[in-house]
Q: 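The structure under discussion is supplied below as structure tokens; questions concerning it will follow.
Throughout, residue positions are numbered sequentially from 1 according to the sequence presented.
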Amino acid sequence: QVQLVESGGGSVQAGGSLRLSCAYSQYISSGYCMAWFRQAPGKAHEGVAAIVGGGGSTYYADSVKGRFTISQDKDKKTLYLQMNSLKPEDTSVYYCAAGTRTTWGCRYNSPTEYKYWGQGTQVTVSS
């Protein structure tokens, strides 16, 4: 059982930056994937980025590529999402998730492949 706790959300103006953190309860090996998803009101979960456990390869949705960076600090057992050049359409509740790595690797756009989820943190970007 992996417990995940997000923090770092808040309100920011367009063009600003935020860094989200996700503290997890146990060591995450390369046999796991970790990811960030977001969900706006009335919409389904949208994959943002994924990383191979332990700080390996990273994958991004086209909508955030070049603006967001996913990273992991194994010693601190913390996953990060650095968000730059924020846009109003980035407004959502952001969730971190962890799951066993599948034969397809770490896919950011497949929420059903992630068994463990945090409670979410709100990000609001105003124009």
Side-chain angles (χ1 to χ4, degrees):
Q1 186 82 8
V2 180
Q3 295 178 330
L4 306 167
V5 180
E6 300 99 335
S7 61
S11 297
V12 64
Q13 288 192 325
S17 298
L18 281 175
R19 187 175 79 158
L20 305 183
S21 299
C22 173
Y24 49 89
S25 60
Q26 65 188 60
Y27 174 72
I28 298 289
S29 71
S30 59
Y32 276 79
C33 300
M34 298 199 75
W36 288 97
F37 292 85
R38 63 188 182 187
Q39 187 174 28
K43 295 189 176 181
H45 279 104
E46 176 190 6
V48 175
I51 186 169
V52 174
S57 299
T58 57
Y59 310 89
Y60 295 93
D62 287 344
S63 59
V64 305
K65 201 171 292 182
R67 300 189 298 124
F68 290 11
T69 303
I70 187 171
S71 63
Q72 186 178 14
D73 186 322
K74 291 182 289 183
D75 294 333
K76 294 183 178 180
K77 292 190 288 187
T78 302
L79 179 74
Y80 300 102
L81 184 68
Q82 177 66 45
M83 305 186 294
N84 299 328
S85 302
L86 282 161
K87 304 175 181 179
E89 52 263 44
D90 294 319
T91 295
S92 279
V93 177
Y94 283 72
Y95 299 88
C96 68
T100 303
R101 192 173 174 185
T102 70
T103 54
W104 295 280
C106 293
R107 300 195 293 183
Y108 62 82
N109 57 351
S110 296
T112 57
E113 294 177 7
Y114 294 84
K115 181 178 180 180
Y116 305 104
W117 291 76
Q119 83 289 349
T121 186
Q122 176 71 45
V123 171
T124 302
V125 184
S126 58
S127 57

Q: Measure across S21 and T78 and return the closest heavy-atom pair with its distance rounded to 0.1 Å.
A: CB-CG2, 4.1 Å
Q: Do Y108 and V52 land in one hydrophobic cluster if side-chain heavy atoms of ILVMFWY residues count as linked below 4.5 Å?
A: yes
Q: Side-chain heavy atoms nearer than 4.5 Å, only ILVMFWY residues, links allowed to pass through others: does that put L86 and I70 together?
A: yes
Q: Is there a chain of hydrophobic side chains (I, L, V, M, F, W, Y, each step under 4.5 Å between heavy atoms) that links L81 to Y59?
A: no
Q: Check K76 against D73 and note the closest heavy-atom contact, atom names and distance.
A: N-OD1, 3.0 Å
Q: How about CD on Q3, more than 12 heavy atoms from neighbouring residues, nucleotides or ligands closer than 6.0 Å, or not?
A: no
Q: For the NE2 atom of H45 and the OG atom of S110, what is their distance to the nearest 0.5 Å?
A: 13.5 Å
Q: Check whether the ring centres of Y114 and F37 lie less than 6.0 Å apart, and answer yes or no.
A: yes
Q: Looking only at non-hydrogen atoms, find the nearest pair between S25 and K77 and report the distance.
A: O-NZ, 3.6 Å
Q: To the nearest 0.5 Å, what is the distance between CZ on R19 and CD on Q82?
A: 7.0 Å
Q: Going only through I, L, V, M, F, W and Y residues with side-chain contacts under 4.5 Å, is there a path from M34 to V2?
A: yes
Q: Kindly compute the distance separating OG1 (T58) from NZ (K65), expressed to the nearest 0.5 Å.
A: 9.5 Å
Q: Can you tell me how the ring of Y94 sits relative to the ring of F68, calling it parallel under 30°, perpendicular over 60° and tilted otherwise?
A: tilted
Q: Is Q119 atom CD crowded by more than 12 heavy atoms from other residues, nucleotides or ligands, each under 6.0 Å away?
A: yes
Q: I'd like to know if D90 and K87 make a salt bridge, using a cut-off of under 4.0 Å between side-chain N and carboxylate O.
A: no
Q: A side-chain contact here means heavy atoms from C-beta on lying under 4.5 Å apart; do L79 and W36 qualify?
A: yes
Q: I need the S7 OG to L20 CG distance, nearest 0.5 Å.
A: 8.0 Å
Q: Hey, are the side chains of S92 and Q39 touching, using non-hydrogen atoms and a 4.5 Å cut-off?
A: no
Q: Rounded to the nearest 0.5 Å, how far apart are SG of C96 and CD of Q72?
A: 10.5 Å
Q: Please name the pair of heavy atoms, one in G120 and one in V93, separated by the smallest distance, quoted to 0.1 Å.
A: CA-CG1, 3.8 Å
Q: Could you pull out the closest heavy-atom pair between P88 and S126, with the gap in Å?
A: CG-C, 4.5 Å
Q: As an exercise, state the distance from OG1 of T91 to CZ of R38, rounded to the nearest 0.5 Å.
A: 9.0 Å
Q: If two hydrophobic side chains count as joined below 4.5 Å and joins carry through other members, does I51 share a cluster with L4?
A: yes
Q: For V48 versus V64, what's the shortest heavy-atom pair and its separation?
A: O-CG2, 3.5 Å
Q: With a 4.5 Å cut-off on side-chain heavy atoms, are S63 and E89 touching?
A: no
